Amino acid sequence: MLAGRHILLIVGGGIAAFKSLDLLRRLRDQGAHVTPVLTKAGAEFVTPLSLSALAGSKVYQDLFDLTDEAEMGHIELSRAADLVVVAPATADLVAKMAGGLANDLASTLLLATDKRVLIVPAMNVRMWNHPATQRNLATLNGDGVLVTGPDEGVMACGEFGPGRMAEVPQIIAAIGAALSDGPLKGKHILVTSGPTHEPIDPVRYIANRSSGAQGTAIARALAGLGAEVTFITGPADVPPPDGVHVVHVQTAADMLAAVQAAKPAAAAVFAAAVADWRVANAGQSKIKKTATGLPHLEFAENTDILATVSQMGAGRPALVVGFAAETDDVIAHATAKRLRKGCDWIVANDVSPATGIMGGSENAVTLITDQGAESWPRMTKDAVAAQLAQRIAQAIT
Ligand SMILES: Cc1cc2nc3c(=O)[nH]c(=O)nc-3n(C[C@H](O)[C@H](O)[C@H](O)COP(=O)(O)O)c2cc1C
């Protein structure tokens, strides 16, 4: 998948820069052409000589280098590659990208490029968790920048938490997904996943049971076929897949807003377990136990995301796929749901506790279309996702 592809690899000034040497070597092993760009701080951690020897190419470092401008101007450099990868993406580079700064070669290339950008953040856990960094990442997410990692673990600085740069195989997988030439190349597909959390007060919430495993597998499979996936996820147990554009949400209202903002899309797969109701009189501060009795919660119905998108008329995705998690009369309920909501397909499954499907690694689904109900054998959630992604590709290409 990577053979013959051109990658512009920007190496920032982080302690994890040494991993970029291994990344570069493995990309070359797979036949990719890599042009390295090293920031001034990056050169404190790895030498230009190591990068250029491993890349078999010149290393670009300076915005105001007349020789470089004569050979290949910075605008051309930003566009000659198929993909721009920033690894490690420092807090500083993330901030520059979010702010649209262009005061050195790396940030100018990132602002001038017309290609997809994948960032691989690596930084101290406090830098990662800082509201400024999280704000900047949300901005980059909104700009369609792909993100892989960071991992959680012991860091070079001795602290523990998220911030460690993703391992090289994970980065290669994300690059592969971003460069995929599959049948869904150029198609934008929305996938929702995980539960929503509807607050009762600032510390309590109501939710559905959902690990997010099936939605995550579907997003990964669609990206593997070349789709540009916007993955809108509630607070799920499993981490989002690599190589997709991730939007994190909490409530059903947030999820609907994220779906609306992410349109247009060629297809939409609604695998999230969205709460049907929210608490209308949610407390602004923690509801206290009192001697006067139990709190009275009033419920309001959430807007039905599947029905809203299925019935939206202009701008409706060509294919809308809903999920029906049922505990009895699965096919009858799901068939009725398809007609009631107006979606094209329903993927129905029996989630009664005895099946072990909820939170497990396998699923047994029935695909309900206007042609009828088609029951698939029990298989892993990854296999269900792969089969569904193939069917989606057949339907919309
Ligand atoms: C020893 C050392 C390690 C550092 N590690 C990181 C790091 O892992 N992540 C990060 O975001 N910044 C790190 N920094 C800070 C960056 O090097 C600094 O913000 C620099 O301006 C980044 O420049 P650049 O984004 O142009 O590469 C480190 C600094 C030092 C001195």
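Nothing fancy with the numbering, it's 1 onward along the sequence. In listed order, ligands and their atoms are each counted from 1. Treat the numbers as computed from the prediction; the structure is a model and nothing was measured.
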_Taking atom 31 (C) of ligand 1 as the reference point, the nearest protein heavy atom with its distance_ = F45 CZ, 4.6 Å
*Can L306 be reached from I392 by stepping across I, L, V, M, F, W or Y side chains whose heavy atoms are under 4.5 Å apart?*
no
_V145 vs T139 side-chain heavy atoms within contact, under 4.5 Å_ = no
*Would you confirm whether any non-hydrogen atom of the protein falls under 4.0 Å from atom 7 (C) of ligand 1?*
yes
_Atoms in ligand 1 with a heavy atom of T39 nearer than 4.0 Å_ = 24 (P), 26 (O), 27 (O)
*Name of the residue among V244, V191, L388 meeting side-chain contact (heavy atoms from CB on, under 4.5 Å) with L222*: V191
_Winner among A41, S107, P121 once heavy atoms are compared against atom 23 (O) of ligand 1_ = A41
*asked:* Check this for me, if you would: do D22 and R25 make a salt bridge, where the nitrogen-to-carboxylate-oxygen distance has to be below 4.0 angstrom?
replied: yes
*asked:* Could you tell me, atom by atom, which parts of ligand 1 come under 4.0 Å of a heavy atom of A122?
replied: 7 (C), 8 (O), 9 (N), 10 (C), 11 (O)
*Location of contacts on E44 toward ligand 1, heavy atoms closer than 4.0 Å*: neither
_Quick check on contacts: which atoms of ligand 1 are under 4.0 angstrom from a heavy atom of G12?_
27 (O)
_Those atoms of ligand 1 less than 4.0 Å from some heavy atom in M127_ = 10 (C), 11 (O), 12 (N)
*Pick, from G14, G13, P88, A16, the option with the minimum heavy-atom distance to atom 14 (N) of ligand 1.*
G13
_Whether E167 and K19 form a salt bridge (side-chain N of Lys/Arg under 4.0 Å from carboxylate O of Asp/Glu) is what I want to check._
yes
*Hey, is CD on E152 packed in by over 12 heavy atoms from elsewhere, all under 6.0 Å?*
yes
*For atom 11 (O) of ligand 1, which protein heavy atom lies nearest, and how many Å away is it?*
A91 N, 2.7 Å
*Can R340 and D304 be counted as an ion pair, charged N to O under 4.0 angstrom?*
no
*At a 4.0 Å threshold, what atoms of ligand 1 neighbour a non-hydrogen atom of L93?*
25 (O)
*Report yes if some heavy atom in the side chain of W345 is under 4.5 Å from a heavy atom in the side chain of R391; otherwise report no.*
yes
*N103, T133, D92: member with heavy atom nearest to atom 26 (O) of ligand 1*: D92
_Test item: protein heavy atom less than 4.0 Å from atom 4 (C) of ligand 1_ = yes
*Treat each ILVMFWY residue as a node, draw an edge where side-chain heavy atoms are under 4.5 Å apart, and state whether L38 and L109 are in one component.*
no
